[in-house]
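Worksheet: the structure to be examined is printed underneath.
On a predicted model such as this, the values are computed, not experimentally measured, just so you know. Order of appearance sets the numbers: ligands from 1, and atoms from 1 within every ligand.
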Amino acid sequence: MKVGYIQASPIFGEKEKNFEQVKNLISDIKADLLVLPELFTTGYTFTSKKEAESFAEGLEGPTAYFLIELSKKINTTIVGGFVEKFKDEIFNSAMIVSRSEVLGVYRKLHLYNKEKLWFSPGNKPPKIYKIEDVNIGIMICFDWIFPETARSLALLGADIIAHPANLVLPYCQKAMVTRCLENRVYAITANRVGEEKRGDDHFKFTGKSQITSYNGGVLSSAPNNEIHVDFVDIDITKARDKNLNDYNNLFEDRHIEFYYNTDK
Ligand code: ACM
């Protein structure tokens, strides 16, 4: 199957322009899965909860409409980030859209820095979306630093982790090599580029979007300072074999009886 990402450069607060940017970058893409950055519709650096709320939408809002139209046009499953309003809370979420419908939404569990001032942490466990026999899990940006996120998705059966990001630290791309190796899953980290200087914050987003293979190999690495689109072919059967050799299986060899468990 063919999977890829768009490394975009969203303009803060300009949803329509951000949709247009993505639309112009996908003209003749033929792929099975496309991952867009975290908060690709709005930008990242909010200055208040009220401001973040002003961009929030539900699963029938402009982002859903845009992604549904896009997925119909290029016949592709798409995962992309947006500010989600649900009841009286807002979440840093990513929706998965396929075959003209929103299949679901992942709400970022591990909020970074001032995100904690605007967003509620995810209130649902990670989940797998099965599309034509491919198992897709979703995590968002800073979730990478908690190995439990990728592990949970892998234990649930993920073949591929779609990973929308707005990275500002330099460690994630290297960490994803380990996340993929220790779980034998593929991951698509769709980062953004550009800078945002708002309020007291000045973020430089680090680019280097990455497609990481089940064995830790890097199949695609984007530049750190330019918009970039890339797709690669992957064989998901490789992600279903958790054997490292005749004696070691990554899941069966775990000694969970001795691991620290906060339930106990
Ligand atoms: C991040 O989680 N967007 C740094």
Exercise. Could I get the full list of side chain to side chain contact (heavy atoms under 4.5 Å, CB included) partners for D235, not counting sequence neighbours?
Key: Y186, T237, K238

Self-check item: Test side-chain hydrogen bond (donor to acceptor under 3.5 Å, both in side chains) applied to E148 and S152, step by step
Solution: CA-CA 6 Å; E148 294 88 347; S152 300; over 6 Å; no

Self-check item: Aromatic ring proximity, centroids under 6.0 angstrom, F40 and F82
Solution: no

Quiz item: Is a side-chain donor or acceptor of N18 paired with a backbone partner of I11 at a separation under 3.5 angstrom?
Solution: yes

Self-check item: Protein residues having a heavy atom less than 4.0 Å from any atom of ligand 1
Solution: E38, Y44, K108, Y112, E115, C141, F142, N166

Quiz item: Could you give the distance from SG (C141) to CG (L167), rounded to the nearest 0.5 Å?
Solution: 4.0 Å

Practice problem: Check whether any side-chain N or O of N248 sits under 3.5 Å from a backbone N or O of N245 as a donor-acceptor pair, and report yes or no. | Solution: no

